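Contents: one structure, followed by commentary.
Computed from a predicted model, the values in this text were never measured in an experiment.
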Amino acid sequence: MDDLLADYPVITEIPVAWGEMDALQHVNNVVYFRYFETARLDYFKQIDLLVNLKESQIGPVLGHTECKYIRPVTFPDTLLIGSRVVDLQQDRFTMEYQIVSKRQGKVTTQGRATCVMFDFKNNSKADLPDSVRQAIADAEERRNNV
């Protein structure tokens, strides 16, 4: 399974909860966006993105997200979610996610999200700080050197 997530510098492990299943007896489609959110926050923690949010009042907001459902997931299972940044722009970055089922040993879901930097004090978009840009580059470089 490690090879399925080798291109992702941050891996998040999430157990599937029975209550996440829908009437068709698989994880409800909306739940995957919560999984992506958890993985995104783990990535942010890895690069200290939210450390100075109170001080700077500049942080990421979700501008776009999407999900590709490949295989159904059912309870019980544990998911491994890889996250990485695949595009950096002046005021935003795009992340990709890949979910692997431990029970199935296969990729079940893929997703993308674009995060836009936002100045909450001035209610406007903001540039991606150089420190964040460097932290992302460092995280992605560690992935490439493994």
Side-chain angles (χ1 to χ4, degrees), residues 1-22 24-53 56-120 124-146:
M1 263 190 299
D2 289 343
D3 58 319
L4 297 174
L5 294 170
D7 292 333
Y8 296 84
V10 178
I11 309 296
T12 302
E13 186 169 314
I14 298 178
V16 174
W18 183 83
E20 294 171 336
M21 306 250 289
D22 62 17
L24 299 175
Q25 298 304 305
H26 57 76
V27 172
N28 184 278
N29 60 320
V30 171
V31 174
Y32 291 93
F33 290 97
R34 282 191 232 133
Y35 295 159
F36 294 157
E37 177 183 54
T38 299
R40 184 168 48 253
L41 289 172
D42 279 355
Y43 192 101
F44 290 175
K45 183 178 178 183
Q46 178 83 20
I47 65 168
D48 291 330
L49 179 59
L50 303 178
V51 169
N52 295 320
L53 181 60
S56 70
Q57 298 210 8
I58 294 174
V61 295
L62 196 58
H64 174 84
T65 189
E66 62 188 65
C67 184
K68 179 181 178 184
Y69 307 99
I70 300 168
R71 300 177 60 82
V73 173
T74 57
F75 175 87
D77 201 348
T78 300
L79 305 176
L80 299 174
I81 305 167
S83 55
R84 65 184 176 189
V85 171
V86 295
D87 183 48
L88 282 171
Q89 295 184 25
Q90 189 67 28
D91 63 351
R92 68 194 65 214
F93 56 93
T94 300
M95 299 185 75
E96 285 185 347
Y97 314 103
Q98 181 150 286
I99 299 179
V100 174
S101 159
K102 278 190 168 183
R103 194 172 92 199
Q104 299 177 47
K106 296 183 178 181
V107 173
T108 65
T109 320
Q110 294 173 327
R112 287 176 70 92
T114 299
C115 298
V116 179
M117 296 306 288
F118 195 77
D119 181 334
F120 295 98
S124 63
K125 284 195 290 184
D127 285 347
L128 192 63
D130 289 337
S131 60
V132 172
R133 188 178 298 279
Q134 186 60 54
I136 290 170
D138 291 346
E140 298 301 322
E141 182 64 27
R142 281 191 299 274
R143 166 184 55 98
N144 292 329
N145 288 329
V146 174

If every non-hydrogen atom of [X] is compared with every non-hydrogen atom of [Y], which pair is closest and at what distance?
| X | Y | answer |
| --- | --- | --- |
| Y8 | G82 | CD2-C, 3.3 Å |
| T12 | A39 | OG1-CA, 3.6 Å |
| G59 | F120 | N-CE1, 3.7 Å |
| I47 | A139 | CG2-CB, 4.0 Å |

[atom2] on [Y] to [atom1] on [X], rounded to 0.5 Å:
| X | Y | atom1 | atom2 | value |
| --- | --- | --- | --- | --- |
| T74 | L24 | OG1 | CG | 12.5 Å |
| D91 | D119 | CG | CG | 12.5 Å |
| I14 | T38 | CD1 | OG1 | 4.5 Å |
| E66 | Y97 | CD | OH | 10.5 Å |
| T94 | R84 | OG1 | CZ | 12.0 Å |
| Q90 | R133 | CD | CZ | 6.0 Å |

Quick one: does [X]'s side chain get under 4.5 Å of [Y]'s, heavy atoms only?
| X | Y | answer |
| --- | --- | --- |
| V16 | L79 | yes |
| P60 | L50 | yes |
| F36 | S83 | no |
| M117 | L49 | yes |

Would you call the rings of F93 and F44 parallel, tilted or perpendicular if under 30° counts as parallel and over 60° as perpendicular? perpendicular
If we ignore hydrogens and angles and just use 3.5 Å, is the side chain of [X] paired with the main-chain N or O of [Y] as donor and acceptor?
| X | Y | answer |
| --- | --- | --- |
| D77 | R103 | yes |
| Q89 | V116 | no |
| Y69 | N29 | yes |
| E140 | V85 | yes |
| R40 | Y35 | no |

Do you know which of T108, V107, I99 makes side chain to side chain contact (heavy atoms under 4.5 Å, CB included) with I70?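 Of the listed options, the one satisfying the test is V107.
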Applying side chain to side chain contact (heavy atoms under 4.5 Å, CB included) between F75 and each of Q25, M21, E20, H26, report the one that passes.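 Exactly one option meets the side chain to side chain contact (heavy atoms under 4.5 Å, CB included) with F75, and it is M21.
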Donor-acceptor side-chain pairing of D42 and Q46 below 3.5 angstrom: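 Note: D42 and Q46 side chains miss the donor-acceptor criterion.
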Starting from the C-alpha separation in whole Å, work towards a yes-or-no answer on side-chain hydrogen bond (donor to acceptor under 3.5 Å, both in side chains) for D138 and Q134. CA-CA 6 Å; D138 291 346; Q134 186 60 54; 2.8 Å; yes
